[in-house]
Student: 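Quick one: the structure is below, and I'll ask about it shortly.
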Amino acid sequence: MRKQAEQKRARLNLSLNLSSPFQQEAWKRLCAIPAGQRTDAVCRAVCRMYEQNALLEAVRQIIREELRGVEFISAKEITEQPQAGDVDDSVLGFLLGLQKEGDDEPSDPLF
């Protein structure tokens, strides 16, 4: 007859303060889990929390690395910069002057 493998067990006693809204909510949720499945549910929740925290930290690190090379411009700077299609008055004056000069010269049929 084979000797049964000994099961290793660890025990954790948990005491909740039901006057704390957070702990009271946890107690309600634990009670909603069928007896015999609570240990598994708590273990899954703890492991999932650590996995989510690790994922969140990895995403934060990636975002930090990507933002290192980014230069931000404030909304005030954007509104102060000339917009596409805006023409400085001096440029318009120059163009008008050229246009007037062209009107004064006789037209050359070769050009």
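Here the structure is a predicted model, which is why all the values come from computation and not from measurement. Quick note: numbers below take in every heavy atom, side chains included, and nothing from hydrogens, waters or symmetry partners.
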Student: Quick one, V42 and I33 - any side-chain contact, counting heavy atoms below 4.5 Å?
Tutor: no

Student: Is it true that Y50 and L55 fall in one hydrophobic cluster, defined by side-chain heavy atoms closer than 4.5 Å?
Tutor: no

Student: With rounding to the nearest 0.5 angstrom, report the CD to OG distance, Q23 to S15.
Tutor: 8.0 Å

Student: To the closest 0.5 Å, what do you measure between CG (L14) and CH2 (W27)?
Tutor: 8.5 Å

Student: How many angstroms lie between atom CD of E25 and atom OG of S20, to the nearest 0.5 angstrom?
Tutor: 10.5 Å

Student: Under 4.5 Å between any side-chain heavy atoms of N53 and M49, yes or no?
Tutor: yes

Student: Would you call E65 and R60 a salt bridge, using N to O less than 4.0 angstrom?
Tutor: no

Student: Does Q61 form a side chain to side chain contact (heavy atoms under 4.5 Å, CB included) with I63? I'd like the steps, not just the answer.
Tutor: CA-CA 5 Å; Q61 184 61 33; I63 291 171; over 6 Å; no

Student: Hey, what do you get for CZ (R44) to CD (E51), rounding to the nearest 0.5 Å?
Tutor: 12.0 Å

Student: What's the separation between atom OG1 in T39 and atom CG in L12, rounded to the nearest 0.5 Å?
Tutor: 9.5 Å

Student: Hey, any chance V46 and L30 share a hydrophobic cluster, counting ILVMFWY side chains that come within less than 4.5 Å of each other, even indirectly?
Tutor: yes

Student: For atom CZ of R29, is the number of surrounding heavy atoms from other residues, nucleotides or ligands below 6.0 Å larger than 12?
Tutor: no

